[in-house]
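Note sheet for the following structure.
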Amino acid sequence: MTPVSFISPLTITASMITSSTAVSKLAGEADWNATATYSVGTVVYRPVIGRRFENKIPGVNSNPPEDDSERWYDLGATSSLSMFDSEVSTQSMCAGTLTTTFRPGAFNAMHLAGLEGSALAITIKDTPGGSPVYSYSGSLEGSQPEDYYEYYFSPFRPKTDFLVTDLAPYASCEVTISISNPSGVARCGMASLGDLVSLGGPALSGVTVEPKSYARIVTDERGKTSIKKGKAARDMAITAWVPIEDTDAVVDALTNVMGVPCTWIGTDMANYRSLRTFGLGNGKFTYDKVNYATLNLTVQGMI
């Protein structure tokens, strides 16, 4: 069982991406026009900032969408780099199949999140065009029906994230990630690759996971209420014992990623997918034992 750990992420730049099928806007989405009349639900693209917006109020408005949140809902940036920008709400996307090939440098762990599609394939080669050292291909169906009724009648439950650790690092590796969605749009919100850092020991009993929503109820001056859309995420709190001889290194590791969104892993055991999240971590150490320090880790989740 993997100890409590996190992935210290690499920074992926445009120069590392050798090919991508990601698009900035989908078919039928036009660039925003200040004089155009838009209906509710129309999606437009703002090339100057590389973001898409969905209209909430019909009619004409000359204010740019990014300056009028009452009329436009920000769908986020979309490009080949969106999946590497540490913001899960910004997705790289492509109708049919999204395929991205890049050369990130050495890493030993990978976490993908915000996945939308029917299948995922990953290939890692030791050098560009070289020999495969890791490959994966599988469905993004996340349902686990417990009985006959659920098997035939329960709705499709997508698998939206993928984690792999214990990868052999190669300094000149080439990675290809492919997400397919034949009947729709394939998307990836986040690809975090880096060094898997152990925080000393397995989680103790009593780990807490708290789902939260950023939606809110708004009441206007006439008392009419409405719900402002918002994404959902999971916070996590973990307690673990860290051997005294490892404590200084663990304190340094946590200090180095303060304010940096990371993937945090409570355990890699099967059926405990909820014990990992992506967000900002904060640790508190209590030196209350002879051979161990107690780590209380809290993570403000972004997914």
Side-chain angles (χ1 to χ4, degrees), residues 12 14 16-33 36 38-56 65-66 69 71-102 110-123 136-143 154-164 175-193 213-215 228-233 273 278 302-303:
I12 307 299
M16 297 178 180
I17 301 175
T18 58
S19 66
S20 177
T21 62
V23 296
S24 297
K25 58 185 178 182
L26 300 175
E29 297 178 358
D31 293 351
W32 175 76
N33 186 327
Y38 293 109
S39 59
V40 174
T42 300
V43 176
V44 298
Y45 180 65
R46 285 281 285 151
V48 67
I49 58 173
R51 301 183 78 87
R52 298 162 65 244
F53 295 85
E54 180 181 334
N55 188 43
K56 298 188 288 185
E66 64 270 23
S69 61
R71 180 176 289 269
W72 295 94
Y73 179 71
D74 187 353
L75 296 175
T78 55
S79 71
S80 59
L81 269 175
S82 295
M83 59 192 285
F84 301 111
D85 64 3
S86 297
E87 296 183 26
V88 183
S89 59
T90 60
Q91 297 175 305
S92 295
M93 64 180 186
C94 182
T97 301
L98 171 65
T99 300
T100 301
T101 299
F102 56 104
M110 175 193 301
H111 182 213
L112 308 179
L115 300 175
E116 295 184 27
S118 59
L120 169 68
I122 301 170
T123 300
Y136 171 84
S137 180
S139 170
L140 288 175
E141 162 65 69
S143 301
S154 61
F156 171 80
R157 296 188 184 119
K159 180 179 180 180
T160 59
D161 83 330
F162 178 84
L163 173 70
V164 58
V175 181
T176 299
I177 299 172
S178 184
I179 304 159
S180 60
N181 190 1
S183 60
V185 178
R187 292 181 169 92
C188 180
M190 183 206 71
S192 179
L193 300 84
S213 172
Y214 289 101
K228 300 282 286 186
K229 292 193 294 185
K231 66 176 184 177
R273 183 181 59 82
F278 180 81
M302 299 169 61
I303 60 173

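Heavy-atom basis, side chains included; hydrogens, waters and symmetry copies ignored.
- In this structure the side chain of T176 never reaches within 4.5 angstrom of the side chain of T100, judged on heavy atoms.
- The backbone N or O of N33 sits less than 3.5 Å from a side-chain atom of Y38, completing a donor-acceptor pair.
- Side-chain contact check for V43 versus L75: some heavy-atom pair is nearer than 4.5 Å.
- With a 4.5 Å cut-off on side-chain heavy atoms, L140 and E116 do not count as touching.
- Looking at N181 and T97, their side chains never come closer than 4.5 Å, going by heavy atoms from C-beta outward.
- In terms of the side chain to side chain donor-acceptor pair (under 3.5 Å) criterion, residue partners of D161 (sequence neighbours excluded) are, by chain and number, H111, R276.
- Under a 3.5 Å cut-off, the side chain of K25 and the backbone N or O of R51 do not form any donor-acceptor pair.
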(request) Output, in order, the C-alpha distance, side-chain angles, deciding distance and verdict of side chain to side chain contact (heavy atoms under 4.5 Å, CB included) for M110 and L112. (result) CA-CA 7 Å; M110 175 193 301; L112 308 179; 4.0 Å; yes
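- When side chains are defined from C-beta on, F102 counts as touching L193, because their heavy atoms get closer than 4.5 Å.
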(request) May I have the step-by-step check of side-chain hydrogen bond (donor to acceptor under 3.5 Å, both in side chains) for T90 and D85, ending in yes or no? (result) CA-CA 8 Å; T90 60; D85 64 3; 2.5 Å; yes
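- Side-chain contact between I122 and F162 is present, with heavy atoms from C-beta onward closer than 4.5 Å.
- Counting only heavy atoms from C-beta outward, the side chains of I17 and T101 never approach each other to under 4.5 Å.
- No side-chain donor-acceptor contact under 3.5 Å links S139 to the backbone of A119.
- Neither side chain, S80 nor S20, offers a donor N or O lying under 3.5 Å from an acceptor on the other.
- N55 approaches R71 most closely through the heavy-atom pair OD1-O, 3.3 Å.
- For D74 and R52, the salt-bridge test fails: no basic side-chain N is under 4.0 Å from an acidic carboxylate O.
- Here OG of S82 is found 13.5 Å from CE of M190. Values are rounded to the nearest 0.5 Å.
- The aromatic ring centroids of F53 and Y45 lie 6.0 Å or more from each other.
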(message) Between L26 and M93, does the side chain to side chain contact (heavy atoms under 4.5 Å, CB included) criterion hold? Intermediate values first, please.
(response) CA-CA 9 Å; L26 300 175; M93 64 180 186; 3.7 Å; yes
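- Salt bridge E66/R46: present, at least one basic N to carboxylate O contact under 4.0 Å.
- Side-chain N or O atoms of S92 include none that pairs as donor or acceptor with a backbone N or O of L98 at under 3.5 Å.
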(request) For side chain to side chain contact (heavy atoms under 4.5 Å, CB included), just list the numbers for K56 and W72, CA-CA rounded to whole Å, side-chain angles, deciding distance to a tenth of an Å, and then say yes or no. (result) CA-CA 6 Å; K56 298 188 288 185; W72 295 94; 5.8 Å; no
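- With hydrogens and angles disregarded, a donor-acceptor distance shorter than 3.5 Å links the side chain of S118 to the backbone of S180.
- At least one side-chain heavy atom of L115 sits less than 4.5 Å from a side-chain heavy atom of L120.
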